Amino acid sequence: MKKYQCTVCGHIYDPAEGDPAAGIKPGTAFEDLPDDWVCPVCHATKDKYVVID
């Protein structure tokens, strides 16, 4: 699965890790995150994330 980086603060969402603090289980693809999910660091919305290699 692809990783995504927040363009505001640089946080990387890694699907292998998920976001346990927000109740997002490991293995959750970025596309499957809830629409109201926000960056755990700066609270930017999903549209502020870009795919990284």
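These figures come from a predicted structure and were not determined experimentally.
Rounding to the nearest 0.5 Å places CE of Met1 at 8.5 Å from CG of Asp32. For the atom pair CG of Asp36 and NZ of Lys46, the computed distance is 9.0 Å after rounding to the nearest 0.5 Å. Going from atom NZ of Lys2 over to atom CD of Glu31 covers 7.5 Å, rounded to the nearest 0.5 Å.
Taking each heavy atom of Ala29 and Pro15 in turn, the nearest pair found is CA-CB, 4.3 Å. Residue Ala16 comes nearest to Pro26 through the heavy atom pair O-CB, 3.2 Å, listed as atom of the first residue, atom of the second, then distance. The two atoms that bring Gly10 and Gln5 nearest to each other are O-NE2, 3.2 Å, heavy atoms only.
Using a 4.5 Å cut-off between side-chain heavy atoms of Ile, Leu, Val, Met, Phe, Trp and Tyr, Ile52 falls into a hydrophobic cluster with Ile12. In the hydrophobic clustering, where aliphatic and aromatic side chains (Ile, Leu, Val, Met, Phe, Trp, Tyr) are joined below 4.5 Å either directly or transitively, Val51 groups with Tyr4, Tyr13, Ile24, Phe30, Leu33, Trp37, Tyr49.
Crowding of Lys3 atom NZ: a count of heavy atoms from other residues, nucleotides or ligands under 6.0 Å not exceeding 12.
Between His11 and Pro40, the closest side-chain pair of non-hydrogen atoms falls below 4.5 Å.
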